[in-house]
Each structure stands twice: as C-alpha cells, then as structure tokens.
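None of the values given here were measured: they were computed from a predicted structure.
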Amino acid sequence: MTRWIRFNLVGVMGFLLQTLALWLLVRGAGLSAGVAITIAVLAAVSHNFVWHERFTWPNLPRHERFKRWLAFHISTGLVSVLTNLGITMIVMTATGLSVVPANIIAVALASFANFWINDRLIFRAAPVVSKSGRSLP
C-alpha cells in the first residue's frame with residue numbers, strides 16, 4: 001500500500017507539471033494540441049522516473065538504473081503519449097472540451113495501466129537467489 005501511495009504522490013507532481021506545461025505550450029507558445037500533449041507528457045515522464053527512482057522504489061540496484069530508465073521511457077512513456085493523445089483528442093471531439101480538461105480525463109484513465117507497468121515490469125526487484133541457485137519468495 002505504501003508503494004501505491006508513493007506512486008500516486010509522484011504521479012500528482014507529474015500531473016501538475018504536465019498540466020502546467022500543456023497549458024503554457026498551447027496558450028503561451030501557440031503549439032497545436034498534439035505537439036503540446038506530446039512534449040508535456042514527455043516532460044512528466046522524465047520527471048516521474050527521477051522521483052520513482054528516489055522515492056517510490058528507492059532500494060533498487062543503481063547499476064541497473066539505465067536499463068530501468070530505458071524500459072520506463074519505452075513502456076510508460078509510449079503508453080502515456082499514446083493514451084494521452086488518443087483519449088484527449090477523442091474527449092475534445094466528443095465533448096467540445098478544451099485540451100487541458102480533456103487531458104485531465106485522459107491522465108485519470110491511464111493511471112492504473114501506468115502503475116501496473118511500473119510495479120510489475122520496470123521497478124520490480126530482482127528475485128533473491130539462495131546459495132543453491134533457487135529463487136526465494
């Protein structure tokens with residue numbers, strides 16, 4: 001349960017970063033929704049990786065960090081960009097909402113998939129192996 005809470009705290013920080021970046025990129029820089037969503041999501045994904053390494057899953061081996069970083073960006077980053085783009089555009093089209101509120105809905109819908117990917121695939125601890133070579137529970 002602690003990991004779930006930590007994951008969500010990091011997620012909230014990343015969500016705030018993504019939402020602010022999205023708003024600035026659309027309103028301030030005049031970028032299209034698709035380009036702005038992609039940049040904002042990638043900023044949040046990079047932010048979240050750093051915090052997950054230090055706060056959510058802090059006891060994992062440092063020598064495997066690059067491997068986790070790569071896997072995180074390929075899996076969570078790809079899923080986040082695709083779900084954020086797809087769901088946001090669908091919500092915008094179906095409801096007439098602007099990009100920021102539509103993206104908030106997209107983030108909420110994708111959060112469960114992101115936790116599962118991270119907890120089960122990216123940040124899972126390596127199995128403990130006994131002296132006989134067997135994996136321990």
Side-chain angles (χ1 to χ4, degrees):
M1 185 57 131
T2 301
R3 185 171 294 141
W4 172 251
I5 292 168
R6 288 177 179 218
F7 178 85
N8 283 297
L9 287 173
V10 170
V12 166
M13 291 187 307
F15 168 73
L16 293 172
L17 172 67
Q18 179 177 326
T19 303
L20 177 62
L22 181 58
W23 183 80
L24 290 170
L25 291 167
V26 170
R27 300 286 179 158
L31 295 179
S32 69
V35 171
I37 290 166
T38 302
I39 293 169
V41 169
L42 292 174
V45 167
S46 295
H47 164 275
N48 289 1
F49 177 79
V50 171
W51 279 99
H52 285 322
E53 278 286 314
R54 303 235 180 237
F55 181 66
T56 311
W57 290 276
N59 299 321
L60 296 177
R62 292 183 73 148
H63 69 277
E64 294 180 356
R65 185 173 286 159
F66 179 76
K67 181 176 140 183
R68 287 191 302 274
W69 176 85
L70 187 60
F72 184 80
H73 281 77
I74 290 171
S75 62
T76 300
L78 185 61
V79 167
S80 294
V81 168
L82 293 176
T83 57
N84 274 266
L85 277 171
I87 295 171
T88 300
M89 297 304 194
I90 290 168
V91 171
M92 287 172 63
T93 302
T95 66
L97 287 172
S98 64
V99 66
V100 172
N103 190 247
I104 290 170
I105 293 168
V107 170
L109 292 174
S111 66
F112 295 106
N114 281 333
F115 177 77
W116 185 87
I117 289 168
N118 285 286
D119 191 54
R120 302 293 182 224
L121 302 176
I122 308 304
F123 293 102
R124 72 172 188 255
V128 177
V129 178
S130 70
K131 289 181 181 180
S132 67
R134 293 185 189 171
S135 292
L136 300 174

Cluster link V50 to L17, ILVMFWY, side chain under 4.5 Å: no

Least distance between heavy atoms, A33 atom then M92 atom: CB-CE, 4.4 Å

Cluster check V107, I87: I/L/V/M/F/W/Y, side chain < 4.5 angstrom: no

Atom of Q18, atom of A40 and distance for their closest heavy-atom approach: O-CB, 3.5 Å

D119 side, atom CG; W57 side, atom CH2 - distance, nearest 0.5 Å: 5.5 Å

Separation of L20 CG from L25 CG (nearest 0.5 Å): 9.0 Å

Approximate separation, where rounding is to 0.5 Å, of L22 CG and I104 CD1: 9.0 Å

Same apolar cluster (I L V M F W Y, side chains within < 4.5 Å links), I122/I74: yes

Separation of L109 CG from T88 OG1 (nearest 0.5 Å): 9.5 Å

V79 with V41, same ILVMFWY side-chain cluster at under 4.5 Å: yes

Spacing of CZ belonging to F123 relative to CG belonging to N59, to within rounding of 0.5 Å: 13.0 Å

Side-chain donor/acceptor of R68 to backbone N/O of P61, under 3.5 Å: yes

Side chains of V99 and W23 in contact at under 4.5 Å (non-hydrogen atoms): no

Spacing of OG1 belonging to T83 relative to CG belonging to L78, to within rounding of 0.5 Å: 9.0 Å

Residue that, paired with F72, satisfies side-chain contact (heavy atoms from CB on, under 4.5 Å) out of K67, E53, H52: H52

Path from F49 to I39 over hydrophobic side-chain contacts below 4.5 Å: no

Steps toward side chain to side chain contact (heavy atoms under 4.5 Å, CB included) verdict (I105, L97): CA-CA 10 Å; I105 293 168; L97 287 172; 3.9 Å; yes

W69-F66 aromatic ring centre distance below 6.0 Å: yes

Flag, side chain of N84 to backbone of S80, donor-acceptor distance under 3.5 Å: yes

Residue R65 excluded, over 12 heavy atoms near CZ under 6.0 Å: yes

Minimum heavy-atom distance between S75 and I117, given as atom pair plus value: OG-CG2, 3.5 Å

Minimum heavy-atom distance S46-H73, with the two atoms named: OG-NE2, 3.4 Å

Taking every non-hydrogen atom, the tightest pair across T56 and F7: CG2-N, 3.8 Å

